[in-house]
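Predicted, not measured: the structure shown is a model, and the values here were computed from it. Just so we're on the same page: letters track the sequence lines, and every chain starts at 1. Excluded from the calculations below are hydrogen atoms, water molecules and symmetry mates; all remaining heavy atoms, backbone and side chain alike, are included.
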There are 2 protein chains.
Amino acid sequence: MTADPSARRGIPDATVARLPEYLRALTGFAERGITSVSSEELAAASGVRSAKLRKDLSHLGSYGVRGVGYEVDHLAYQISRELGLTQDWPVAIVGMGNLGHALAAYSGFATRGFRVVALLDQDEALHGQQIAGLPVRPMDTLDALVAEEGLAIGVIATPAGSAQDVCDQLVAAGVSSILNFAPCVLVVPDGVDVRKVDLSTELQILAFHEQRKALASAALGPVAKGVAK
Amino acid sequence: MTADPSARRGIPDATVARLPEYLRALTGFAERGITSVSSEELAAASGVRSAKLRKDLSHLGSYGVRGVGYEVDHLAYQISRELGLTQDWPVAIVGMGNLGHALAAYSGFATRGFRVVALLDQDEALHGQQIAGLPVRPMDTLDALVAEEGLAIGVIATPAGSAQDVCDQLVAAGVSSILNFAPCVLVVPDGVDVRKVDLSTELQILAFHEQRKALASAALGPVAKGVAK
């Protein structure tokens with residue numbers, strides 16, 4: 001563990017969990033041609049308070065310049081490097097239903113440091129079919145993918161019923177990081193990281209704001225509500 | 001705004017953004033039959049520090065019991081109520097490509113307080129086709145959906161090129177919360193909330209841990225590496 005610069009500098013897990021959010025906000029600023037942002041602007045775009053943001057970024061040795069803020073491109077690079085995204089991570093997607101199809105075609109992975117190197121499915125009828133420029137492979141090619149492509153991250157996009165079986169096969173082949181889109185809890189041995197994606201998380205945040213708007217609108221009464229609309 | 005209990009109690013936006021994560025962790029505990037958790041356990045499952053978790057939950061008036069912790073079901077209910085999830089939010093999904101198909105069939109929405117009431121697409125060829133038990137409708141039925149179903153939340157699952165056009169139509173019909181899966185930035189008037197989903201966020205967190213494992217493994221050398229594997 002001593003060889004890990006992040007662990008040495010002690011970046012808290014909670015900070016790590018927020019770094020992708022900062023990177024997403026910075027990418028948004030860059031897309032709109034904005035080259036520098038204040039900590040307040042970046043904090044607002046990331047949904048945190050600016051004091052928290054400044055503390056998080058100080059763990060990366062990034063402090064911004066008073067009156068100028070942070071340079072968008074440079075900070076995005078620093079965060080990318082910290083997250084290990086300046087190298088190219090080979091990813092395999094397992095489960096070629098609608099979600100697997102959508103993920104295979106998702107352009108956001110490539111621009112974020114991930115390369116989809118393989119698509120797999122347990123269904124023999126799909127093997128050899130081309131999706132987003134890649135052939136669907138059988139599960140028994142996993143060992144070769146780990147050995148030849150350095151595959152380290154597996155994405156599970158199967159139904160809940162087959163997710164644990166697929167997970168076990170990924171782990172047996174040596175894949176040590178798993179992103180689970182299936183709506184179920186996976187059991188893995190120590191040393192394997194699993195993250196579960198819940199597509200309703202963002203909807204829940206919207207619902208909170210929607211509720212707030214509805215209550216404010218009700219308080220203003222029907223006339224003002226019509227105007228506010 | 002004075003009618004809004006959350007605003008009165010002043011729940012910070014950053015806390016709101018973490019509530020879905022706590023709810024997800026609590027659902028995970030409940031699925032495994034666990035009825036009470038300590039703040040440390042819940043914090044670890046949510047990726048925050050326990051002091052932060054306790055402070056966040058204190059905004060909800062929830063303090064846990066020393067030596068016992070939090071009751072899983074009750075805390076999940078309190079968070080759901082705060083997020084406005086104890087009522088049923090009608091949701092429409094626009095764009096019936098692979099991602100739209102996957103979202104239409106996603107069982108996680110229904111269990112989180114969201115009801116998919118309509119599927120829409122600009123492509124006439126799809127109209128009337130049944131997906132996950134609902135017919136695909138044309139965009140000009142949006143006004144009726146807002147009036148009759150109380151539709152308040154729209155999910156955009158179109159390609160980037162048509163996302164702004166679809167967003168404008170949702171806003172014109174009176175939809176005031178938008179969840180954007182298209183890889184682009186949307187422009188909306190004041191009073192409309194937009195959240196952008198980046199499917200690579202969780203992959204980025206995995207990449208960080210994967211990098212840490214790779215560096216630790218390299219430091220231990222080839223022999224120990226073999227053992228650690």
Side-chain angles (χ1 to χ4, degrees), chain A residues 1-4 6-7 12-14 16-17 20 23-24 28 31-32 47-49 52 83-85 89 91 98-99 101-103 105-109 112-114 152-153 176-177 179 183 185 193 195 197-213 215-216 218-219 229, chain B residues 1-4 6-7 12-14 16-17 20 23-24 28 31-32 47-49 52 83-85 89 91 98-99 101-103 105-109 112-114 152-153 174 176-177 179 183 185 193 195 197-213 215-216 218-219:
Chain A
M1 290 297 277
T2 50
D4 174 2
S6 308
D13 273 0
V16 172
L23 188 55
R24 173 166 73 159
E31 280 170 1
R32 281 172 280 149
V48 304
R49 276 175 289 183
K52 162 82 60 61
L83 288 171
L85 302 178
W89 290 100
V91 171
N98 286 309
L99 182 61
H101 264 83
L103 292 173
Y106 184 62
S107 60
F109 291 149
R112 298 288 193 285
F114 302 98
I153 302 180
S176 52
S177 286
L179 185 60
V185 175
D193 287 301
R195 308 252 343 157
V197 175
D198 182 342
L199 294 171
S200 63
T201 302
E202 299 287 336
L203 269 183
Q204 294 176 348
I205 295 172
L206 280 175
F208 174 83
H209 293 292
E210 198 55 44
Q211 176 177 246
R212 200 149 70 169
K213 282 185 279 194
L215 288 165
K229 210 172 180 183
Chain B
M1 291 298 278
T2 51
D4 173 2
S6 306
D13 273 2
V16 172
L23 189 55
R24 174 167 74 161
E31 281 169 359
R32 280 172 282 149
V48 304
R49 275 172 292 182
K52 162 81 63 57
L83 288 171
L85 302 178
W89 290 100
V91 171
N98 285 311
L99 182 61
H101 264 82
L103 293 173
Y106 183 63
S107 60
F109 292 148
R112 299 290 194 283
F114 301 97
I153 301 180
S176 53
S177 287
L179 186 60
V185 176
D193 287 301
R195 308 245 353 149
V197 176
D198 182 341
L199 294 170
S200 62
T201 301
E202 299 288 336
L203 270 184
Q204 295 176 348
I205 296 172
L206 280 176
F208 174 84
H209 292 292
E210 197 56 43
Q211 175 177 246
R212 201 150 68 170
K213 282 185 279 194
L215 287 166

Comparing A/Leu199, A/Leu23, A/Val16 against chain B, the one with the most heavy-atom pairs below 4.5 Å turns out to be A/Leu199
To the nearest 0.5 Å, atom CD of A/Gln204 lies from atom CZ of B/Arg24 at 9.5 Å
Ranking A/Ile153, A/Asp13, A/Asn98, A/Val197 by heavy-atom pairs under 4.5 Å to chain B gives rank one to A/Asn98
Max heavy-atom pairs within cutoff under 4.5 Å with chain A, candidates B/Leu99, B/Val48, B/Asp193, goes to B/Asp193
Honestly, the part of A/Leu206 sitting under 4.5 Å from a heavy atom of chain B is both
Hits for side-chain contact (heavy atoms from CB on, under 4.5 Å) against A/Ser176, two or more places apart or cross-chain, chain-then-number order -> B/Glu210, B/Lys213
Highest number of heavy-atom pairs under 4.5 Å with chain A among B/Pro20, B/Ala105, B/Gly84, B/Ala102 belongs to B/Pro20
If one checks every heavy atom of B/Leu85 against chain A at 4.5 Å, the contacting part turns out to be side chain
- prompt: With a 4.5 Å limit on heavy-atom distance, are the side chains of B/Leu203 and A/Phe109 in contact?
  reply: yes
Can you tell me if B/Arg212 uses its side chain to pair, donor with acceptor, with the backbone of B/Phe208 under 3.5 Å?
no
Taken to the nearest 0.5 Å, the spacing of A/Leu179 CG from B/Ser200 OG works out to 10.0 Å
